[in-house]
**Q** 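Before I ask anything, let me first share the structure, which is written out below as C-alpha cells.
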Amino acid sequence: MINISVKDLDGQVHEIEAREGESLMETLRQHEWGVAAICGGLCSCGTCHVYIDEAWLDKLQQADSDEQDLLDEFDSLQANSRLSCQLPLLPVHDGLSLSIAPEE
Ligand code: FES
C-alpha cells in the first residue's frame with residue numbers, strides 16, 4: 001500500500017492508503033471529502049484537480065499536453081496543479097502529500 005496525506009477543502013488532513021497501480025483519482029474519489037472525478041479519468045472534466053506539495057512535484061511524471069490544456073482553463077491553477085486521474089501511483093510515491101483544489 002502507498003500512504004498518502006491529503007488536505008481537504010475544509011483544511012482537514014487525512015492519512016489514507018492507496019493501491020499501487022491505481023490512479024490518485026481512484027483513491028481520492030472513494031472519500032466523501034475527495035474528488036468528484038465526473039469523467040471517470042478521461043482527462044475531460046477537471047473535477048479531480050489537486051495541488052501537489054512542492055517536494056513531490058519532481059517525483060511525478062510530467063503532465064502531458066491534454067492535461068496541461070485542461071489545467072490552463074482553471075482560475076484556480078497553481079504551479080503545483082495536477083489532475084489526479086493522470087497520476088498512477090507507484091511505490092516511490094509512498095508519503096505523497098497534496099491538497100484538494102476547489103471545484104470550478
Ligand atoms: S476525472 Fe475528469 S479530468 Fe480527471
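Sequence positions, counted from 1, serve as the residue numbers for this chain. Both backbone and side-chain heavy atoms feed into the values below; hydrogens, waters and symmetry mates do not.
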**Q** Could you note down all residue pairs passing salt bridge (Lys or Arg N to Asp or Glu O under 4.0 Å) where residues 21-40 supplies at least one of them, sequence neighbours left out?
**A**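 Sorted result for residues 21-40: Arg19-Glu22.
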**Q** Apply the test side-chain contact (heavy atoms from CB on, under 4.5 Å) to residues Asp69 and Glu73: give CA-CA distance (whole Å), side-chain angles for both, the deciding distance (0.1 Å), then the verdict.
**A** CA-CA 7 Å; Asp69 287 349; Glu73 295 178 14; 5.7 Å; no
**Q** Applying salt bridge (Lys or Arg N to Asp or Glu O under 4.0 Å) as the test, list every pair that has at least one member in residues 74-89; sequence neighbours left out.
**A**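 Checked against salt bridge (Lys or Arg N to Asp or Glu O under 4.0 Å) - neighbours excluded - the pairs reaching residues 74-89 are Glu67-Arg82.
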**Q** Test of understanding: with side-chain contact (heavy atoms from CB on, under 4.5 Å), list the residues that count as partners of Glu17, not counting sequence neighbours.
**A**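 Glu17 satisfies side-chain contact (heavy atoms from CB on, under 4.5 Å) with Met1, Asn3 once adjacent residues are dropped.
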**Q** Any sub-3.5 Å donor-acceptor pair from Glu104's side-chain atoms to Ser76's backbone N or O?
**A**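 Yes; judged by distance alone, with no hydrogens or angles, the pair exists.
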**Q** Mark yes or no for whether Asp10, through its side chain, and Gln12, through its backbone, hold a donor-acceptor pair below 3.5 Å.
**A**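 Answer holds: no.
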**Q** Output the distance between atom NE2 (His49) and atom SG (Cys85), rounded to the nearest 0.5 Å.
**A**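 If we round to the nearest 0.5 Å, His49:NE2 and Cys85:SG are 11.5 Å apart.
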**Q** For Glu103, what residues pass the side-chain hydrogen bond (donor to acceptor under 3.5 Å, both in side chains) criterion, not counting sequence neighbours?
**A**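 None.
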**Q** Tell me the salt bridge (Lys or Arg N to Asp or Glu O under 4.0 Å) pairs involving residues 89-101, sequence neighbours left out?
**A**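 Pairs touching residues 89-101 that pass the test: none.
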**Q** Given 3.5 Å as the limit, does a donor-acceptor pair link the side chain of Glu54 with the main chain of Ala79, or not?
**A**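 Side chain of Glu54 to backbone of Ala79: no pair is present.
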**Q** Residues two or more places apart in sequence or in another chain: which of them pass side-chain hydrogen bond (donor to acceptor under 3.5 Å, both in side chains) with Asp53?
**A**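 Asp53: side-chain hydrogen bond (donor to acceptor under 3.5 Å, both in side chains) contacts with Ser97.
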**Q** Hey, what else clusters with Trp56 if you join Ile, Leu, Val, Met, Phe, Trp, Tyr whenever side-chain heavy atoms sit under 4.5 Å?
**A**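 In the cluster with Trp56 are Ile2, Ile4, Val6, Leu9, Ile16, Leu24, Met25, Leu28, Trp33, Val35, Val50, Ile52, Leu57, Leu60, Leu87, Leu89, Leu96, Leu98, Ile100.
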**Q** Rest of the hydrophobic cluster containing Leu71 (Ile/Leu/Val/Met/Phe/Trp/Tyr, side-chain heavy atoms under 4.5 Å)?
**A**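 Answer for Leu71: Leu70, Phe74, Leu77, Leu83.
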**Q** Indicate the atoms forming the closest heavy-atom contact of Ser84 with Ser23, along with that distance.
**A**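 Taking Ser84 first and Ser23 second, the nearest heavy atoms are O-CB, 3.9 Å.
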**Q** Check side-chain hydrogen bond (donor to acceptor under 3.5 Å, both in side chains) between Ser5 and all other residues, then give those that pass, not counting sequence neighbours.
**A**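 Expected list: Glu15.
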**Q** Rounded to the nearest 0.5 Å, how far apart are SG of Cys43 and CD of Gln68?
**A**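 Taking SG in Cys43 and CD in Gln68, the distance rounds to 10.0 Å.
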**Q** If you compare all heavy atoms of Ala37 against all heavy atoms of Cys45, which two are closest, and at what distance to 0.1 Å?
**A**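 Of all heavy-atom pairs spanning Ala37 and Cys45, the closest is C-SG, 4.2 Å.
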**Q** Hey, does the side chain of Thr47 reach the backbone of Ile38 with a donor-acceptor pair shorter than 3.5 angstrom?
**A**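 Indeed, once roles are kept as given, a pair shorter than 3.5 Å links the two residues.
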**Q** How would you list, by chain and number, every residue that makes a side-chain hydrogen bond (donor to acceptor under 3.5 Å, both in side chains) with Asp8, sequence neighbours excluded?
**A**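 Counting only residues at least two positions away or on another chain, Asp8 forms a side-chain hydrogen bond (donor to acceptor under 3.5 Å, both in side chains) with His14.
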**Q** Keeping to residues at least two apart or across chains, list the ring-ring contact (aromatic ring centres under 6.0 Å, His included) pairs with something in residues 77-104.
**A**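 Output for this query is empty, none listed.
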**Q** Can you tell me if Asp58 has over 12 outside heavy atoms packed within less than 6.0 Å of its CG?
**A**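 Count not over threshold, so no.
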